[in-house]
Amino acid sequence: MPRLKVWVWWIAVSCVLALLLMRTDSDVALGLPPVAAFLVWFVQVALGLGVAIAATWWLGGFRAIAARPPLFQLLVGGLIGSLVFAPLSLGLEAVFPSPGEDSAEGWLDALEQSGGVFALVAEWLQLAPAYLTSWAILNVPPTFAAVGARDTVADPPPASAVSEPEPQPEPQPEATSGTLSALSKPLLARIPAAIGTDLVFARSDLHYLQLRTTLGSTTLLGTIAEIEAEMGDHGLRVHRSFWVALSHVRRVRRSASGWYCLMSDQTKVPISRRRLSVVKDKLGVDFVRDSPSGD
């Protein structure tokens with residue numbers, strides 16, 4: 001079964017939360033038609049989560065953060081997102097004021113009415129619990145996908161087929177190999193050992209990366225830019241959302257829907273029009289590359 005795309009889940013979560021907030025906090029957008037009120041809440045929720053997505057994506061560029069556990073990265077990204085979103089939320093409240101907002105009902109309302117930095121602090125304290133909860137909900141499916149992404153790992157050979165290994169000289173690294181040392185590659189080091197680091201292609205999904213190796217697949221926090229930086233000349237970005245390992249490209253062809261790379265696992269990775277000239281210069285077109293095994 002195909003995994004749910006993170007951006008689709010983002011839209012779905014925003015819709016559900018907008019509907020819930022319409023029922024539980026009717027002050028905002030009061031007097032608007034239901035559809036308009038829903039749109040007000042949807043924009044606020046989607047924008048808020050989008051800020052956290054951008055913050056997490058930005059944090060991934062710092063190696064000290066990228067090397068930390070995913071939950072830590074998500075927590076920091078959520079906290080930064082909530083801090084950035086607080087002034088935006090105040091702006092939305094100014095556009096859609098709530099009835100009776102001039103009367104302070106608690107110490108947070110009184111603090112907000114003080115204005116300036118106090119208003120920002122009060123706004124953040126009010127929105128942070130719901131904001132971080134929504135952020136956690138958004139990241140539940142990708143997190144579980146990352147934990148359970150070992151379902152396509154290749155089976156080991158039968159015992160009868162395993163013979164005593166003969167002494168061999170120390171292997172030398174091959175420049176054309178898709179497998180690179182994970183010790184010096186922070187993102188590669190986070191790939192589960194069961195599926196190896198022989199990457200076939202990578203796909204960007206908001207602040208996540210869906211990685212496919214010769215042995216399986218996984219989902220990690222990261223960006224296409226990280227893959228490009230770590231893999232260097234071993235791969236090529238062929239689309240805004242796709243990166244391919246050059247050693248696993250079997251064909252570059254054109255179909256009715258556009259150009260694509262046929263990979264060693266038979267996946268068709270789309271090539272964007274903007275990147276087509278780069279792909280042609282690097283690989284050429286109308287070729288068939290045999291797999292190492294001769295398949």
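- Between the side chain of R275 and the backbone N or O of V278, no donor-acceptor pair lies under 3.5 Å.
- T56 contributes no side-chain N or O that, together with a main-chain N or O of L74, makes up a donor-acceptor pair within less than 3.5 Å.
- A donor-acceptor distance shorter than 3.5 angstrom exists from the side chain of T133 to the backbone of P129, with no hydrogens or angles considered.
- Neither side chain, Q210 nor T219, offers a donor N or O lying under 3.5 Å from an acceptor on the other.
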- Please walk me through it: do V51 and I80 pass side chain to side chain contact (heavy atoms under 4.5 Å, CB included)? CA-CA 9 Å; V51 171; I80 293 177; over 6 Å; no
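- Distance alone, capped at 3.5 Å, places no donor-acceptor pair between the T267 side chain and the V269 backbone.
- Taking a 6.0 Å sphere around CG of D233, one finds it holds 12 or fewer heavy atoms contributed by other residues, nucleotides or ligands.
- In the model, H248 has a side-chain atom that pairs as donor or acceptor with a side-chain atom of D198 under 3.5 Å.
- Side-chain N or O atoms of S89 include none that pairs as donor or acceptor with a backbone N or O of F85 at under 3.5 Å.
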- Message: Walk me through whether F242 and S272 qualify under side chain to side chain contact (heavy atoms under 4.5 Å, CB included).
- Response: CA-CA 9 Å; F242 287 93; S272 68; over 6 Å; no
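- Ring centroid separation for the pair H207 and W135 comes in under the 6.0 Å cut-off.
- Under a 3.5 Å cut-off, the side chain of R274 and the backbone N or O of I271 do not form any donor-acceptor pair.
- With hydrogens and angles disregarded, no donor-acceptor distance shorter than 3.5 Å links the side chain of R253 to the backbone of L262.
- Annotation: side chain of L209 is not in contact with side chain of R203 (no heavy-atom distance under 4.5 Å).
- Here the side chain of R273 pairs no donor or acceptor atom with the backbone of W259 at under 3.5 angstrom.
- The main-chain N or O of I137 is found under 3.5 Å from a side-chain atom of W9 such that the two form a donor-acceptor pair.
- The minimum heavy-atom distance linking G78 with A52 is given by the pair CA-CB, 4.4 Å.
- Judged by distance alone, the side chain of E226 and the main-chain N or O of T223 form a donor-acceptor pair under 3.5 Å.
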